[in-house]
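Convention: sequence-line order gives letters A, B, ...; per-chain numbering from 1.
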2 protein chains.
Amino acid sequence: MDDTGSTTHDKLLREAARLFASRGYSGTSMSDIAHEVGVRKASLYNYYGSKADLLIALLEQSLTSWQAACEQSLVGIESVERRLAAYLESAVAFSRTHPQAMGIIRLAAGHVPSELRRRVRSLIARHESSWHRTLVGMFEDAIERDEIPGNDSAALALFWSVFIDGILVNPIFATAKTEAVVTNLQSLWTFFWRGVSGTSPHTELTI
Amino acid sequence: MDDTGSTTHDKLLREAARLFASRGYSGTSMSDIAHEVGVRKASLYNYYGSKADLLIALLEQSLTSWQAACEQSLVGIESVERRLAAYLESAVAFSRTHPQAMGIIRLAAGHVPSELRRRVRSLIARHESSWHRTLVGMFEDAIERDEIPGNDSAALALFWSVFIDGILVNPIFATAKTEAVVTNLQSLWTFFWRGVSGTSPHTELTI
DNA sequence: CCTACCGATCGGTAGG
DNA sequence: CCTACCGATCGGTAGG
C-alpha cells in the first residue's frame, strides 16, 4: 500500500514489521501482509520459507539495529555520566523513530507460539547477555573513576536496565499523553543520576 | 487438565488466562482452552458469548485484582516513604503470585486484534487514570510534608511509574536470572528513594 | 454439557 | 510473480 522504499523485499520487511508489531504474530496472516505489500500471498514464499522464518528475520534485524543505535552512542565519550546520558537519549530517540522494531522485540519477548519460543528466546538471550556485559563494565568503570560511590556494579546495572525498560514500556501502558516520558526526560534523568551518584547531573539532555 | 478450583467456570477463567498470557489472544483458540478445561469447545459459549467477551472479562478481573493489591498496601501507613515501599513490595509480590494476570494486562496493552482495541484501551485507560491520580496525590502529600524536596509532583509520579513498569517488565526481557529484580529489590529501592529525596531510605523491605 | 455442523480463513504447495 | 488448490483449523451456531 505504501511505496516508500523500492523493492518488494523492502516492502515485505516493513509491512510485516508494522503488522506484527500492532496485531501480534498469530494475529497477522500472510494474506494481510501480502495485501499491504501489494502482491499475492504465494509470492511472499519466494523471500522466506515460512511465516516463522519471516519473524525471526525481523527480530534479528530489530535487535541488531537497536544494539547499533545504543552502542554507537557510547563511543568517544569520556565520563560515564555523559555516556549514560547519551545512551538514554539514543534509546528514547530509537524507540520513537523505530516503533515497529520495538514492537517486534516486545512481541518476541512476550507472546509467541510454542514452536517459535526456543528460537526467539535464544536470539534475545544472545543480545541481552552482550548488552549486560557492556552495562556492568560501564558501571565498574564509573566506580573506579569515583564517579559513582559504592561497589555493587551488578545492582547499578540492574537499576539502569529497569530504568530503561520502564522508559520504553511506560508510553504503551500510559494510554493518555504518550509524550510524558519525552517531555520529562531531563527530570527522569536527574532522579536516576542522583539516585546512583548522590549528586545532581551536569548533563543537559538535548531531546 | 488441572482440577484445582471447583467449577468449570473457575477452570475456564484460569486456563484461559494461562493460555492467553503465554500464547497471546490470536495464538490461543477456543478449542485449546476447552481442551485444558476438559470440555468441548461449544460448552464454553454457555459462559461467554464470544472469545472477545472472555478476554474482556479476564482483563477486567486482572486489572481489578492488581489495583486492589496495590491500593490495599497504602492504607493506614503514615509516611510517604513507607507507603511507596509497601506499594513496591505489593507490586512485586503480586506479579510473582499472579503471573497470568500480569500477562493478560501486558497482552491487552500490546498486541490485540483491531476490533478489540477500543474496548481494551478504554478499560485500561479508566484504571490507569485513577492510578495516576492516586500517585500524584501521594507525591503532593510528600512535598507538603517535606519528605521530598522540589515541587514537580507530576514528574515524581512519572518516575515512579517508570520505575514500577521497569520492575515488572525487566524479568520478561532478562531471559537469564528472572529473580534479579527480587534479590536486588532493596538496592533498587535505595537508588529510587535517594534519587527523589536526596537521602537514604529508612525502610527495610521484607521481600 | 454434548454432537454435528457452518462458512471463512489459515499456512503452505504445485506448477508455471 | 501469478492462479489454483490443499488439508486443517478457526470462531461460532443449531438443536437437543
Would you mind classifying the nucleic acid contact of B/Ser43 as base, sugar-phosphate or nothing, using non-hydrogen atoms under 4.0 angstrom? base
Using a heavy-atom cut-off of 4.0 Å across all strands, would you classify A/Ser26 as base, sugar-phosphate, or nothing?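 Touches nothing.
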Presence of [X] side-chain N/O under 4.0 Å of [N] phosphate oxygens OP1/OP2:
X: A/Ser29; N: C/dT9; result: no
X: B/Thr8; N: C/dC1; result: yes
X: A/Ser31; N: C/dC10; result: yes

Among D/dC2, C/dC10, C/dC2, the nucleotide that comes nearest once only the side chain of B/Val39 is considered: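 It is C/dC2.
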Compare the minimum distances between each of C/dC2, C/dC1, D/dG12 and the side chain of B/Arg40, then state the nucleotide with the smallest one.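 Closest of the options to the side chain of B/Arg40: C/dC2.
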[X] [atom1] to [N] [atom2], straight-line distance once rounded to whole Å:
X: A/His35; N: D/dC2; atom1: NE2; atom2: C1'; answer: 17 Å
X: B/Tyr45; N: D/dC10; atom1: OH; atom2: C1'; answer: 9 Å
X: A/Tyr47; N: C/dG12; atom1: OH; atom2: C1'; answer: 17 Å
X: A/Asn46; N: C/dG16; atom1: CG; atom2: P; answer: 16 Å
X: B/Phe20; N: D/dG11; atom1: CZ; atom2: C1'; answer: 11 Å
X: A/Arg23; N: C/dC10; atom1: CZ; atom2: C1'; answer: 15 Å
X: B/Met30; N: D/dA8; atom1: CE; atom2: P; answer: 23 Å
X: A/His9; N: D/dC1; atom1: NE2; atom2: C1'; answer: 15 Å

Exam field: side chain B/Ser129 to backbone B/Arg126, donor-acceptor pair closer than 3.5 Å: yes
Would the distance check show the side chain of A/Asn184 and the main-chain N or O of A/Ser187 forming a donor-acceptor pair, the cut-off being under 3.5 Å?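 Checked: no pair found.
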Check whether the side chain of A/Lys41 and the base of C/dG11 form a donor-acceptor pair under 3.5 Å.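 Present.
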How about B/Phe173 and A/His127: are their ring centroids closer than 6.0 Å? no
Centre-to-centre under 6.0 Å for B/Phe192 and A/Phe192, is that the case here?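 No, too far apart.
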Supply the atom-to-atom distance A/Tyr48 OH to A/Asp53 CG, rounded to the nearest 0.5 angstrom. 9.0 Å
For A/Thr206, give me all partners under side chain to side chain donor-acceptor pair (under 3.5 Å), at least two apart in sequence or on another chain. A/Glu89
Dot-bracket for DNA chain C: what is it, with Watson-Crick or G-U pairs under 3.5 Å, [ ] where a pair crosses earlier ones, and | for a pair to another strand? ||||||||||||||||
Return whichever of A/Ala42 or A/Asp32 has its heavy-atom-nearest nucleotide of DNA chain C closer to the 5' end. A/Asp32
Any side-chain heavy atom of A/Gln67 sitting closer than 4.5 Å to one from A/Cys70?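 No, too far: nothing below the 4.5 Å cut-off.
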